[in-house]
Amino acid sequence: MPDREKYWTKVWDEKHVFEPDPLTGKKKMFVTVPYPYMNAPVHVGTAFTASRVEFYARFRRMQGYNVLFPWAWHWTGQTIVGMSLRLKKGDASVRRAFVELDGVPEKEVAKFVDPEYLASYYTKVSRQVLKDTGFSIDWRREFRTIDPTYKKFVEWQYLRLRELGYVVQGTHPVVWCPYDRSPTGDADRMEGVGVSPGEFNLIKFHLGEFALVAATLRPETIYGATNLWVNPESEYVEARVDGELWVVSASALTRLTEQKHEVTPVRSLKGSELLGRFAMAPLTGKSLPILPGRFVDAELATGVVYSVPAHAPFDLMALKDIQEGRTQAGRQVKELADAIRPVPILSLKGYSAVPAEDSLRKHGAKDSLDSSLERASAELYSDEFHRGVLTAASGPLAGLTVGEAKQKSAELLAKTGRLAKMWELTEKVVCRCGTRCYVKILENQWFLNYSSPQWKAKAKEVIEKADVFPPEAREWFYSTIEWLKEWPCARRSGMGTKVPWDKEWIVETLSDSTIYMAYYTLSKFVNQEKVTPEQLTPDALDYVFFGKGNPANISKAVRMTEKRLRELRTEFTYWYPVDMRNSAKELIPNHLTFFAFHHAALFPEKQWPRGFGINGMIQIEGKKMSKTTGNFVTWKGALEKYGADPFRLALALTADGMDDADWRDRNAEDAKVKVDSVIPFVKKSLRSSVKREKDVLDDWLLSTMNRRIAQVTQAMQEMKIRRASAAAFLDTWNDIRWYIHRSGKPRRQTLEAVFDAWVRMVAPFTPFMAEGLNHELRGKGLVCQADWPSLRDFPLDEEAEMAETAVNRVVEDARNVLKVVKGSKKRLNVYVCSDGSRGFFVDLASADRLKIGSVTKKHEASKDKTNRTFKLIYELGDELVKKYITARKFDEYGTLSDAAKFMGKELGVDVVVQKDGEKGLRDPSGRAKGALPMKPALYLE
RNA sequence: GCGGGGGUCGCCCAGCCUGGUCAACGGCGCGAGGCUUAGGACCUCGUCCCUCAGGGGUUCGUGGGUUCGAAUCCCACCCCCCGCACCA
């Protein structure tokens, strides 16, 4: 860490500048960012999101707000525990990620088998990184989400939510890992990401007194069934299921148990024992042979399927496997298979009568285990679903579309009593631990009832009343609120807070982080050891956060002084509500909306969040950041490579709105060069400056500063960090450069005033450099505590601005001409328009359309310029024209004459400015009379 | 599929809400010149096409439409990104 950064960090620290306490009468600003999850060190994505709040915090502080920017660490949940576990089991990829991507030393990794150690290590590293980056955080309020006091807070929150009826119990199917004994979300899966439970139809085929139970998603094909498939190698069972006798795979039986069916096994048998027997189909009454299907997965649904070879590539192929000898079969079984012909039951344009045959030909599968059959099935099914119509072969389903027939067939089957349902995964799902998952019905789970219309309405109100930056994000919140249903808010495993009334469960991590911002007001006291976990009873917290109850009695009950208790309350009411919460857009559909829901439920309107800031995701060198591809940059890595200020500036300049931010080394290097050259530039400029009276250029620069300050202020208030930082850092710099270039002899007093404002404008972005520069310019005080630049110090001067515009327009026009004109030219004649022409322009621009006639009458001499003048009025634009009309004192001729030397230098020719209508005019080509206001005539010779 | 956001002159991106000031801001890259012992950095200019007078032509995903006038408004279509839940 460079000395400059170390020095100023220490100064900020010693002066406690970022440790705000309630100050009566001072306006406050409470800004937050979601705490990062400590299964990894913070990375540039975290930095991007958090830096937006950091810039905003520093900006608001300079605007005079008492700003609180706290920080904490997210430890709760399954992920950290899961990673520890995987490491313990010797998973090489986790270890590699720790060492190679996160940069953890080997001897530390060894200790990561303890999840709390893992999290504490990353917390330690990340905290230091944030400090080194110069974040203006009040570290006195730091906490981890497994702290006993935090748990007290969450317990209290859930007790109250439950009392309000927002926590309900329910029974739902989940993707389940029997090894972890826990639901398996996408993040926990090795295979089958995105797969969710679906309901399969179980169709019972009579097999003696038993039912051979086949599973299908396509009951509408029942009329095309020619046979049944079982896997000859797999275990099957005869069992009593919900009072009936079923034959299903052994695996199916355990899963049926998990789905709350009543199950008693009778005897097991091998799949092969079923081969060659016949089972009777419902609806059709056909007797269908049971054949060996090697593709049948006993772990999926019932391990029995029925065969529709006309429409299912798998079935047709499996049949051919037997017929062509690829599947071993006894003679009797083979004869049965040989006799089977596909039975088409729907017509499909673009296919022959047996679509599965076409499909097989197209995809060229070699046997029924060929993986291409997956694709073939999906494609054929999609076509059939969208375009297929059931034929007469389907009896009562004839004429229906596949979608309609699906429903109708299920109804018909249900009527015969030969339909049951079973939850199943449409694709194989494997847990990170390597265990195959299935669907389990979880009973008596706890849910947050986001379905409640009243709650939804209130949450919507929270968003409606808050600022949302950028405004496009608002719609996303509304649709999320509409769309949210019951959210399972408790889990069996992982770190976290136990559900206070049901200690078997742990509050799920997205649900324990919804109102914790309130806890920052308390954590200060906890860290100062002024409050213990035991004191944070629900009653005490009711008082602190709701103002409920009698503080005298409560303080006695929890053995805390009443004064202290009231202090906690004061701290909360001072800081709340949250004024700005910023996060990446991916959190809109969950965390940020939950945050709105929970505040709506628990707090009165005046404590609802006031502002939401949303940013895009981070990309690295134009590609998605990803640990698996190694396209990953840690915050620490970037910080050490470029230094705090360049890192911050590069982040600020990356992106605005919900656009994805692209982290590129080049940009960071560029930012470093820029940051490093500010102070030398300022020093050099001041050295070259002179003490003198103000001229029009000084007025121009001061006026331009006014506009920059306004622009930056506005952008910051709208969380347009990129725009703000670009204007503050780069555009202002260019303005100053232009002034120096244009003026030749910059005025010292002007530069001093401008630099003084500039250093304050860039301070939120590059605070270390700014402190250093401020120290050199002012010699004392801290720029982070200085006032934000005031517009009043930089008067607008429209005439000075117009003068610069006039000069630049001439230079631009002349360049155009010089570019086109061949031959060497020595002298540029600039003819400013006559007063008459100016009067005509003014009258024409201010006249309304109908009175143009009288204007032209008044200005006989300028009449033939009417069209060109109108065109010019359009070209200049309303704003400039208005300015021109009001600026009576503006002297175009004087301005351009004064700038003649400058223009000459820029253009490389002598510039002579004259005014049309003056006597002694030198006008060899007769162009002078064509001059218009802000558009002098030019003549090169 | 559903929901949200986008597609702009080599690249990144501003403009779009509130139509004309838009060949379209800014940055990067590239080219020329300056500065410098040299390089880097820095400064200036140029960077869609044509043009010996400040002009003209063709552009803002595609195709239509509204309008005197559309990057901006309307309709349809194509493409990209994000989210879609027992998980941070």
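Order of the sequence lines fixes the chain letters, A, B, ..., with proteins taken first and strands second; residue numbering starts at 1 for each chain.
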- Message: Heavy atoms only, 4.0 Å cut-off, all strands: where does A:H172 land among base, sugar-phosphate and nothing?
- Response: base
- Nearest whole angstrom, please: distance from the C1' of B:G6 to the CD of A:E475. 16 Å
- Item | Euclidean distance, atom CZ of residue A:R474 to atom P of B:C17 [Å, nearest integer] | 20 Å
- Does a donor on one side chain and an acceptor on the other come within less than 3.5 Å for A:D512 and A:Y158? no
- Item | Salt-bridge criterion met for A:D670 and A:R666 (N-O under 4.0 Å) | no
- Could you give the CG-to-P distance, from A:L653 to B:G27, as a whole number of Å? 12 Å
- Message: Categorize A:P36 for me: base, sugar-phosphate, or nothing, with a 4.0 angstrom heavy-atom threshold over every strand shown.
- Response: nothing
- Note on the structure: Heavy atoms of A:L896 and A:M903 approach each other most closely as O-CE, 3.5 Å
- Roughly, in whole Å, what's the span from CE in A:M658 to P in B:C81? 17 Å
- Query: Distance between the P atoms of B:A53 and B:G61, in whole angstroms?
  - Reply: 34 Å
- Face-to-face contact A:Y450 to B:A85 six-ring, under 5.5 Å, under 30°: no
- Quick one: does A:N816 reach the base of B:G54 with a side-chain donor-acceptor pair under 3.5 Å? no
- Query: Which part of the nucleic acid, if any, lies within reach of A:R664 when heavy atoms closer than 4.0 Å are counted: base, sugar-phosphate only, or nothing?
  - Reply: nothing
- Message: Students often get this wrong, so: under 4.0 angstrom with heavy atoms, is A:F477 touching a base, only sugar-phosphate, or nothing?
- Response: nothing
- Query: Starting at CG of A:L587 and ending at P of B:G4, how long is that distance when rounded to a whole Å?
  - Reply: 19 Å
- Query: Does the ring of A:F902 carry A:R742 above it, NZ/CZ under 6.0 angstrom from centre and within 45° of its axis?
  - Reply: yes
- Query: Taking a pair as Watson-Crick or G-U wobble with both distances under 3.5 Å, which nucleotide is matched to B:A53?
  - Reply: none
- Item | Among B:G29, B:A88, B:C81, the one nearest A:D660 by side-chain distance | B:C81
- Message: Under 4.0 Å, heavy atoms only, any strand: does A:Q78 hit a base, just the sugar-phosphate, or nothing?
- Response: sugar-phosphate
- Task: Specify the residue among A:V175 and A:R809 whose closest nucleotide of RNA chain B lies further upstream toward the 5′ end.
- Result: A:R809
- To the nearest angstrom, the CD1-P distance between A:I481 and B:C84 comes to 17 Å
- Task: Under 4.0 Å between any heavy atoms, over every strand shown, what does A:S182 touch: base, sugar-phosphate, or nothing? Just pick one.
- Result: sugar-phosphate
- Grab the CG-C1' distance between A:N590 and B:A88 for me, whole Å please. 8 Å
- Task: For A:W476 and B:C2, give me the distance from atom CH2 to atom P, rounded to whole Å.
- Result: 17 Å
- Task: Output yes when A:D731 and A:R723 qualify as a salt bridge under the 4.0 Å nitrogen-oxygen rule, no when they do not.
- Result: no
- Task: Determine, for A:K624 against A:D660, whether the closest basic-nitrogen to carboxylate-oxygen distance falls under 4.0 angstrom.
- Result: no
- B:G40 - base-pair partner by Watson-Crick or wobble geometry, distances under 3.5 Å: none
- Item | A:E508 vs A:R815, nearer the 5' end of RNA chain B by closest nucleotide | A:R815
